Amino acid sequence: MLEARLEQASILKKVVDSIKDLVQDCNFDCNDSGIALQAMDNSHVALVSMLLKADAFSPFRCDRNIALGINLTSLTKVLRAAQNEDLLTLKAEDAPDVLNLVFENSANDRLSEYDLKLMDIDQEHLGIPDTEYAATISMPASEFKRITTDLMAMSESVTIEASKEGIKFSAQGDIGNGSVTLRQHANVDKPEEAIDIELSEPVSLTFSLKYLVNFCKASSLSSTVKICLSNEVPLLVEYTIAGAAGGGSYLRFYLAPKIADE
Amino acid sequence: MARTRSTKGTTAPSTSTTTTKTTTATTTTKYSLPAESENPPRVFILPKKATPAARIVTLSNPRYARPSRYLVCPEAGFFEFTRISAPKTAPRSWLLEAGSSAAAEAQTTKGAELYLASPIDPLFLVLPALAGSGQQKKRMFLTSDDHFDALSESSASSHLSEVLRWPGIRPVLERRMAAVCDTVEAGDESMFRLNESKLLDEILAKTRRMSELGFPKSMEEKFVAKVLEAPILGVRSSQAVKPTGTTTAAAQEEEESSATQTPSAADSSSESQSTVSSLKTSASSLSESSTSASTPATSVDDDGTEPVISNAMTAPAEAVRLQRLRVSFNFICSSYVAPPLAAVLKDKLAEAKDKADFKVLDEYLTQLTELRQEAVAARAVDYSRKHTLDEEEDERAEKRRKKEEEDKVKKANQSRGVNKLKKVNTTGMKKMSEFFKKK
């Protein structure tokens, strides 16, 4: 039996909006620590990992491990019926056929209730080890979004170069080439606009821009984004789920680097 | 072509003056015809034994309780009329010559109807009164007067009371009533109560007479030969051998002597279009067991030299006789007896095995039904094979449709972003499982 109440429906709405263009169907794994999600895109080159900790809900009750197989497009349709400020309650039986969603609007005492049919999804779960990245960059989510969309105009892929000088995004395409370089930058008044670069060794990797643009849909979740790079390992793009109470809830994207084949 | 009113006015009188009484002349122009008579002459064939005192009267029809015309003669008894008319597709008319009576002019009639008077057992006419309304639990002994009163009450337009005053009519009716009723004497009056067993006996006697004389050809073919005809197993030959050679011969003889009839057979044998059609209307009740034969019977001339083609089964003579008996019984019941009473009589007949045992016929008919089903099944093989082909095709179409539908649903549940990502060039990118091990 799962019963989880979110103070703000917008949190789930944003999470689902961020990943629905990357994966189609996925399991929401519910256990006593919270609700987690891990899914790959169709090409299996990108992976999304989400965790909504039990603290993010009040109350949160989940006696047993429950996998909710959900078509994200369908879930989006249902969530469209919720307003951002609505209280959202998720309910499911132990072996559920449906996920019950209740949206409560305290302002006008409106209560809407939806049952979403669940599906059986056979998904392989990958173990993601804790990795010491060669470069970890924190920057405003909007800045990262802007860079990716700007470079998208030039090319399909971007090379991210982290060095002592800063971090350089460069794209080379048919019409020419372009690059954006960011330097470490602190902002006392607005810490969310600071750019922080931690570097243990220089890295240079190339990624598909289209995937990065896709990841940037999560920008609404958080004002800052953390980008972690290491040679020979997937890029990590992490958004903390800011609205969730308690902290520790995140949405992470992993993307395999392009290895230039000569 | 279009005539004005004035020309019409002038031509019409001029031609009419020239036309004589000859019927050929009247056909020259449309306008010369004299006005149609409101009451055109009708052609009747009346029995010779009917005296001039005979009258055409209205009495209640025993079957339908509707006023119908009957010829009643104080001496010759009761006659019913059968209207024989040409089918609408072949219009005919009578050309009537001015007879010796001179009262009537020679003329033509619009229709070619012929009314044939044939004797009817007056028993049937009083039967409705004897049977009562049917709802009564117990029939009472009543005087003939009471019965007649009941009869004339039930149909207002009846001339019965008038007819009863004629000499000789009442004794005839009472005699016929006595034949089917239990009677008791009360003083100098007789009291009558219907006895259904007696009625059944009476009708069975009529039935026997009717069936033994044989049926007219059309009836014989429709209700006896066809019903008893076994299906032909060799599908190729459409030639059927008629069940019994003698029956049709008898029927043919019968049709010649159709005019003279026993009272029981009544109008049944007059070979005319209208009687046949009237028979058809009563066919539902007449041919209870008639599941129409699957192949049309082409009756063969009774040479006997014809090679017998593989009819699966020929009806035994006893079965033919019984079928004729059954048809006659049903015919009499459906023509002269009111439905509730007819149902009672049928039940009685089924019980009364000693009077008429239809066992042989019933057995034959069950066999026949089985044979027919087999024949139909044998013929259906071709169609069923074709059908399976269709089914396969249907199945394939169904599958295709299903798949399309599924695709549609899938598409509806796919986000545009996911579809776009599918087109992304992922060359040089390793799968996630290369980096992260499966749990």
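Computed from a predicted model, the values in this text were never measured in an experiment. Each chain gets a letter, A, B and so on, in the order the sequences are listed, and its residues count up from 1.
Scanning residues 9-24 of chain A against chain B with a 4.5 Å heavy-atom cutoff picks out A/Lys20, A/Asp21, A/Leu22, A/Val23, A/Gln24, ordered by number. Of residues 143-158 of chain A, those residues lying under 4.5 Å from chain B by any heavy-atom pair are A/Glu156.
Two rings, from A/Phe253 and A/Tyr211, have their centers 6.0 Å or more apart.
Chain B forms the most heavy-atom pairs under 4.5 Å with one residue out of A/Val233, A/Leu47, A/Thr76, A/Leu209, and that residue is A/Leu47. Ranked by heavy-atom pairs under 4.5 Å with chain B, the first of A/Pro234, A/Pro257, A/Ser208 is A/Pro234.
Partners of B/Glu196 according to the salt bridge (charged side-chain N to carboxylate O under 4.0 Å, His left out) rule, which considers only residues two or more places apart in sequence or in another chain, are B/Arg139.
No donor-acceptor pair under 3.5 Å is formed between the side chain of A/Arg64 and the backbone N or O of A/Leu2. Between the B/Asn425 side chain and the B/Thr427 main chain, a donor and an acceptor come within less than 3.5 Å of each other. Side-chain atoms of B/Gln323 come within 3.5 Å of backbone atoms of B/Phe223 as a donor-acceptor pair (strictly under, hydrogens ignored). No side-chain donor-acceptor contact under 3.5 Å links B/Asp394 to the backbone of B/Glu398. Of the possible polar contacts, one joining the A/Asp41 side chain to the A/Ala46 backbone as a donor-acceptor pair under 3.5 Å is found.
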List the atom pairs, with distances to 0.1 Å, where a side-chain N or O of residues 200-207 of chain A and a protein N or O form a donor-acceptor pair under 3.5 Å, not counting sequence neighbours.
unit_1   : atom_1 : unit_2   : atom_2 : d
A/Ser200 : OG     : A/Ala134 : O      : 3.1
A/Thr206 : OG1    : A/Thr159 : OG1    : 3.2

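A/Arg252 forms a cation-pi arrangement with A/Tyr250, by the criterion of a distance under 6.0 Å to the ring centre and an angle within 45° of the ring axis.
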Take A/Tyr114 and A/Phe103 through the ring-ring contact (aromatic ring centres under 6.0 Å, His included) test and state the conclusion after the steps. CA-CA 8 Å; A/Tyr114 293 83; A/Phe103 312 134; 5.6 Å; yes
Kindly determine whether A/Asn31 and A/Asn65 satisfy side chain to side chain donor-acceptor pair (under 3.5 Å), including the steps that lead there. CA-CA 5 Å; A/Asn31 55 36; A/Asn65 292 3; 4.5 Å; no
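Neither the backbone nor the side chain of A/Leu72 has a heavy atom closer than 4.5 Å to any heavy atom of chain B. For chain A, the nearby parts of B/Lys431 are the backbone and the side chain; heavy atoms of each come within less than 4.5 Å.
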